[in-house]
Amino acid sequence: NCSIEESFERFAPTIELAKKNNITIRGYVSCIAGCPYQGHVDHGSVAEVSQKLLEMGCTEISLGDTIGVGTPGKVKELLQTILPHLPVENLALHMHDTYGQAVANAYVGLIMVI
């Protein structure tokens, strides 16, 4: 386990090696709709982590509802918050179906052009 900042430090050498070898890099942001440890996840934090991954060299960012607590309303609110700050063409969604909301959440992403 490590902090978000420590994880960036750990990823840096791998990202640099991939860039040197022209390998496409996909970054993952987990727990975008809720966290089993902290509960609510700040949308600004999701945007900041995503932006940092893009700056490091990731060409695509997968936004993941890793524990499946997202709802269409939560996903829409998150995307409305972060899309003005991130290039939509570099984003993907990864929705878990823990509470039967994955398809509806993915549909919100499709409507919002992800």
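All of these numbers come straight from a predicted model, not from anything done at the bench.
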What distance separates [X] [atom1] from [Y] [atom2], expressed to the nearest 0.5 Å?
X     : Y      : atom1 : atom2 : result
Gln51 : Glu48  : CD    : CD    : 10.0 Å
Leu83 : Ile114 : CG    : CD1   : 5.0 Å
Thr66 : Met95  : OG1   : CE    : 9.5 Å

Does [Y] offer a backbone N or O that forms a donor-acceptor pair with the side chain of [X] under 3.5 Å?
X     : Y      : result
Asp42 : Gly44  : yes
Asn90 : Glu60  : no
Thr81 : His43  : no
Ser30 : Gly64  : no
Asp65 : Val69  : yes
Gln38 : His40  : yes
Glu6  : Ser3   : yes
Asp97 : Ala102 : yes

Restricting to non-hydrogen atoms, name the atom on [X] and the atom on [Y] that form the minimum distance, rounded to 0.1 Å.
X      : Y     : value
Ile67  : Gly34 : CD1-O, 3.5 Å
Tyr99  : Gly68 : CD1-O, 3.1 Å
Val41  : Ile32 : CB-O, 4.0 Å
Gly57  : Ile25 : O-CD1, 3.6 Å
Phe8   : Leu53 : CE2-CD2, 3.7 Å
Gln101 : Gly70 : CB-O, 3.4 Å

query = Would a 4.5 Å heavy-atom cut-off, applied to side chains only, mark Leu93 and Asn105 as touching?
reply = no
Close side-chain approach of Arg26 and Cys58, heavy atoms under 4.5 Å =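 Of all side-chain heavy-atom pairs linking Cys58 with Arg26, none is under 4.5 Å.
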ask   = Residues in salt bridge (Lys or Arg N to Asp or Glu O under 4.0 Å) with Glu16, at least two apart?
value = Lys19
query = With sequence neighbours left out, what residues match Glu77 under salt bridge (Lys or Arg N to Asp or Glu O under 4.0 Å)?
reply = none
More than 12 heavy atoms of other groups within 6.0 Å of Ile23 CD1 =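 It does: Ile23 CD1 has more than 12 such atoms within range.
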ask   = Residues two or more places apart in sequence or in another chain: which of them pass side chain to side chain contact (heavy atoms under 4.5 Å, CB included) with Glu89?
value =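 For Glu89, the residues satisfying side chain to side chain contact (heavy atoms under 4.5 Å, CB included) (neighbours in sequence not counted) are Pro87.
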request  = Determine the sole option in Val75, Val46, Val49, Leu86 for which the side-chain contact (heavy atoms from CB on, under 4.5 Å) test with Leu63 is passed.
outcome  =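 Checked Val75, Val46, Val49, Leu86 against Leu63; only one passes side-chain contact (heavy atoms from CB on, under 4.5 Å): Val46.
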query = In terms of the angle between their ring planes, are His94 and His96 parallel, tilted or perpendicular, with boundaries placed at 30° and 60°?
reply = tilted
